[in-house]
Amino acid sequence: MYRILKKRELAENVDEFVVEASEIAKKAEPGQFVIVRISKKGERIPLTIAEKDCDAGTITLMVQRVGKTTFHLSCLEEGHVITDVVGPLGKPTHLEKWGHVVCIGGGLGLAPVHHIAQGVKDAENRITTIMGFRREDLVFWEEKMKLISDRLIVTTNDGSYGMKGLVTDALQELIDSGEEINMVITAGPVPMMKAVAELTKKYRIPTVASLNPVMVDGTGMCGACRVTVNGEVKFACVDGPEFDAHKVEFDELINRLNMFKTLEGEALKEFQKKHCGCGKE
Amino acid sequence: MGKKEIRKEKIPVPERSARERIKDFKEVKLGYTPELAIEEAKRCIQCPTAPCVEGCPVRVPIPQFIELIAEGKFVDAARKIKEENVLPSICGRVCPQEDQCEKVCVVGKLGQPVNIGALEAFAGDYEAKVGVEKPKKAESTGKKVAVIGSGPGGITCAADLAKLGHSVTIFEALHEPGGVLIYGIPEFRLPNEIVYGELDVLKELGVEVKLNYVIGKTKVLEELRNEFDAVFIASGAGLPYMLNIEGLNLNGVYAANEFLTRVNLMGAYRFPDYDTPVFTGKRVAVIGGGNTAMDVARTAKRLNGVEEVYIIYRRSEKEMPARVEEIHHAQEEGVVFQTLTNPVKFLGENGWLKGIECVRMELSEPDESGRRRPIPIEGSNFVIDIDAAVLAIGQGPNPIVMEGVDGLDIGKWGQIVVDSETCKTSLEGVFAGGDVIHGGSTVIQAMGDARKAAAAIHEYLFEN
Ligand SMILES: Cc1cc2nc3c(=O)[nH]c(=O)nc-3n(C[C@H](O)[C@H](O)[C@H](O)COP(=O)(O)OP(=O)(O)OC[C@H]3O[C@@H](n4cnc5c(N)ncnc54)[C@H](O)[C@@H]3O)c2cc1C
Ligand SMILES: Cc1cc2nc3c(=O)[nH]c(=O)nc-3n(C[C@H](O)[C@H](O)[C@H](O)COP(=O)(O)OP(=O)(O)OC[C@H]3O[C@@H](n4cnc5c(N)ncnc54)[C@H](O)[C@@H]3O)c2cc1C
Ligand code: FES
């Protein structure tokens, strides 16, 4: 039984769930994800394991509401059960002692970044974390990330909190300061990851991106999650989700994420017709 | 019996007209009525040699069950089949009888063979309607067996071992049991209700099915070996082959597994009532000539908004590996066959599939192996306008189950290597069968392996 033990709203349209899943917690490593389905008629959607607690037998999920399933998920409350949770899926993050690692996350990317940063820290690296948000009221998990990071930089597009600008502006500043960066790990919206990759490529800083293509089974069975890396077709759910960011064809990924957009839009509209504005029944 | 004139043609199985059936996903065949079944059963001459039994990979006592049908003892007929095959309603529908039992049927030498498949399905369905007999279970042996995968291989092995008194747990990666029977083969050919019915037998036998459980991830094989006395791997062939041509990752290009999983397992044909979408546009091309290709084409034909469906196959219709019946059904339903045609590249516009460039093929003279190879005809390239393309060009064993495993012999195509008599792998106490040892095969082959493995596991458990 995948019971929701804790739920809170982190920011507008972002929820955090602590879910009972002891066997998954036991195995979960940084970089891995689960696939959940929340009703008998539901879709299977991938969500990163942002955190695990083996003793409590729980995993933490951070969900950004973007469509029908994520809005529906936000209707579930503490004590409710998620119909299906399977995992941990995907390859764990490759971790080693690099030296100074910069972890960069935005939006839904903070889920992978949080767990990965924990792993990077355990591998005895120094960590700078850069978190990007649009505005101050959308900022979340600052305290959580501060605990893991040696240095934390928060950016907002409008400058309402932290540094004004994008995560790449903060990264550029860091590079310009002359500080050595041995590794960059990034997760979040694809255009953000693409911008980070373009920047670090110029300075030849090794960079890993955690990709988020559309998935169905998450076990390499269907091929929905195809991405092109270094000219080769890869299945992100089993070969990734993390890849060498300098070799990923991000534009293709952006395009593929639109494959079901029109249909998904319809589904969300239908769903919201039947539910009040907050997404609740 | 011999005195009577034998009817040369099969009694046709009533089915819904193509025009009516392409509007929904309900079963195409309506099945025999008791009267028709008796009439067809009487075509069997009860020949003493019964080559049909030899032709059946699991040796169903065919003449005996057919005789019971002829006598109107339908439930007894089903139970007779179940002595060897626990899934009659399924096998009666999907087995390639034309290559097995019916191929060698003696009546077939005079005219059409006895319709063994339809009779098997009839008996299974009849028993299901009146109430299935509770399977008998031996006293508990205290031995524990893990089965990986809940397709026909896993189901059969689990049922056999549970009947022998062993405690069996099935681990299934997906959120529903049934394997290809649920996520692959569409409902119009094999209704889910029938698969669920047969899965109920497992419940009655006390088999535990753990869903959402990926061996290789949630647990690794080594852990199962420690926790159980034996392991049977029936994880199937869930790794789709991709056609490595330009434009593969354009929006609108699917592997058959994705397309079928979206529609069958996730219910995309009922979108938006069900959450999972499938995008097809108006014109769909299916690449391949096997059962999977036919299933995809016929599925596409039934989806809202689809106007034209093509099958693109590089050899001629005669070489198609699909069952003749399926080819026939697809043609009746208006699927356009482009045979002797091979895709060269996918053409796109702004990231979306718009067409497929193909080349015409011709068949060479037979080579030493007797096979006629297709060769492209130079300069014959042409374009078919399409909005979606589905690759049904085969699949291999999915390696995820082998993750973190040492010492398991794996063959050239990623298949698990086993001893053909016992289905034993190179790892002590680990057995394997079905598509994971053959690559893509058949339901009955998976069941045959599973029965062999169950017998060998039973023996193994008592040696240890
Ligand atoms: C490995 C992996 C890990 C992920 N981790 C998280 C996470 O921790 N937290 C989180 O909030 N989200 C995560 N995502 C994204 C999440 O799966 C999607 O947001 C979700 O599937 C959207 O479902 P929906 O029905 O609400 O929206 P839909 O209506 O299905 O989609 C709305 C829009 O979201 C985008 N989208 C659809 N499916 C996906 C997808 N699978 N991945 C990315 N974008 C998609 C599309 O652009 C689509 O138009 C992850 C994705 C992957 C592949
Ligand atoms: C579209 C299509 C149509 C077909 N039509 C026919 C037909 O008409 N007649 C016929 O005889 N055959 C047909 N076949 C072939 C037939 O379905 C297969 O040969 C048969 O299902 C193989 O059975 P199996 O038990 O070996 O594997 P499968 O049925 O593939 O079942 C394997 C199960 O194992 C699960 N699994 C995989 N890996 C793991 C893991 N690591 N941990 C846990 N679980 C795992 C899978 O999710 C799946 O449920 C068809 C196949 C397809 C795809
Ligand atoms: S999600 Fe199906 S193969 Fe990756």
Side-chain angles (χ1 to χ4, degrees), chain A residues 2 23-24 26-27 32 34-45 67-69 72 83-91 214 216-228 232-233 235 238 249 251-264 266-271, chain B residues 172-176 183-184 210-220 223 235-242 244 248-262 265-268 270-279 348 350-353 388 391 395 398-401 403:
Chain A
Y2 311 105
E23 294 200 288
I24 298 173
K26 238 184 271 169
K27 282 285 155 67
Q32 291 189 297
V34 289
I35 285 196
V36 309
R37 198 176 69 121
I38 55 177
S39 72
K40 287 287 162 214
K41 296 179 180 178
E43 190 174 11
R44 294 169 64 98
I45 67 158
K68 177 169 178 186
T69 306
H72 193 178
T83 313
D84 300 291
V85 181
V86 58
L89 301 170
K91 286 205 164 73
V214 172
V216 182
D217 62 298
T219 63
M221 181 270 268
C222 78
C225 61
R226 303 198 296 284
V227 291
T228 304
E232 271 177 59
V233 174
F235 289 4
V238 284
E249 283 186 26
D251 290 336
E252 180 188 275
L253 177 57
I254 292 172
N255 181 56
R256 283 183 67 76
L257 279 169
N258 287 332
M259 181 144 158
F260 301 100
K261 206 158 207 159
T262 318
L263 292 167
E264 284 157 346
E266 274 170 41
L268 180 59
K269 240 191 257 154
E270 283 286 310
F271 177 77
Chain B
E172 168 55 52
L174 291 171
H175 58 266
E176 276 201 43
Y183 81 71
K210 291 200 173 207
L211 300 173
N212 295 316
Y213 216 108
V214 185
I215 302 306
K217 292 290 180 190
T218 319
K219 262 201 173 113
V220 293
E223 289 169 280
S235 52
L239 178 75
Y241 294 147
M242 301 311 261
N244 240 331
L248 174 68
N249 284 358
L250 285 166
N251 287 352
V253 183
Y254 300 87
N257 274 355
E258 181 186 353
F259 187 82
L260 291 172
T261 301
R262 282 181 181 276
L265 179 71
M266 306 308 299
R270 287 176 277 194
F271 181 86
D273 184 29
Y274 280 62
D275 295 349
T276 305
V278 66
F279 166 84
N350 301 323
W352 288 81
L353 182 69
L391 305 174
Q395 45 205 45
N398 187 322
I400 204 163
V401 72
E403 233 165 80

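Reminder, nothing fancy here: chain letters follow the sequence lines and each chain counts from 1.
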Can you tell me which portion of B:Tyr213 sits under 4.5 Å from chain A's heavy atoms? Options are side chain, backbone, both or neither. both
With a 4.5 angstrom heavy-atom cut-off, is it the side chain or the backbone of A:Val214 that approaches chain B, or both, or neither? side chain
Side chain, backbone, both or neither: which part of A:Arg37 has a heavy atom under 4.5 Å from chain B? side chain
Steps toward salt bridge (charged side-chain N to carboxylate O under 4.0 Å, His left out) verdict (B:Glu223, A:Lys26): CA-CA 13 Å; B:Glu223 289 169 280; A:Lys26 238 184 271 169; over 6 Å; no
Sub-4.5 Å side-chain heavy-atom contact between B:Met242 and A:Phe235: yes
Among B:Phe271, B:Tyr274, B:Trp352, single out the residue with the greatest number of heavy-atom pairs under 4.5 Å to chain A. B:Tyr274
Pick one of side chain, backbone, both or neither for A:Gln32, based on which atoms fall under 4.5 Å of a heavy atom in chain B. side chain
Which atoms form the tightest heavy-atom contact between B:Pro277 and A:Glu43, and what is the distance? CD-OE2, 3.7 Å
Which heavy-atom pair separates B:Pro240 from A:Gly223 by the least distance, and what is that distance? CG-N, 4.4 Å
So for A:Val34, is it side chain, backbone, both, or neither that comes closer than 4.5 Å to the heavy atoms of chain B? neither
Who among A:Lys40, A:Glu264, A:Arg44 has the most heavy-atom pairs with chain B under 4.5 Å? A:Arg44
Does a side-chain heavy-atom distance below 4.5 Å link B:Val214 with A:Val86? yes
Give a yes or no answer on whether the side chain of B:Asn251 reaches the backbone of A:Asn255 with a donor-acceptor pair at less than 3.5 Å. yes
To the nearest 0.5 angstrom, please state how far the CD atom of A:Glu23 sits from the CG atom of B:Asn212. 11.5 Å
Most contacts with chain B, counted as non-hydrogen pairs under 4.5 angstrom, among A:Ala224, A:Ala267, A:Gly67: A:Ala224
So which of A:Glu249, A:Glu252, A:Glu270 has the biggest tally of heavy-atom pairs under 4.5 Å with chain B? A:Glu252
So which of B:Pro399, B:Pro272, B:Gly351 has the largest heavy-atom pair count under 4.5 angstrom toward chain A? B:Gly351
Euclidean distance, A:Met259 CE relative to B:Asn249 CG, rounded to 0.5 Å: 10.0 Å
A:Thr228 versus chain B, the contacting section by heavy-atom distance below 4.5 Å: both
Supply the atom-to-atom distance A:Thr69 OG1 to B:Asp275 CG, rounded to the nearest 0.5 angstrom. 5.0 Å
Would you give the length of the straight line joining atom CG of A:Asp217 to atom OG1 of B:Thr261, rounded to the nearest 0.5 angstrom? 7.0 Å
For the CG atom of B:Asp273 and the NZ atom of A:Lys41, what is their distance to the nearest 0.5 Å? 3.5 Å
B:Ile400 versus chain A, the contacting section by heavy-atom distance below 4.5 Å: side chain
Portion of B:Leu248 that has a non-hydrogen atom of chain A nearer than 4.5 angstrom: both
What closest approach, in Å, do A:Phe260 and B:Arg262 show between heavy atoms, and which atom pair accounts for it? CE1-NH2, 3.2 Å
Reported CZ-to-NZ distance for the pair B:Phe279 and A:Lys261, which is rounded to 0.5 angstrom: 15.0 Å
Where on B:Val253 is there a heavy atom nearer than 4.5 Å to chain A: the side chain, the backbone, both, or neither? both
Can you confirm whether A:Val238 sits close enough to B:Lys217 that some side-chain heavy atom of one is under 4.5 Å from a side-chain heavy atom of the other? no
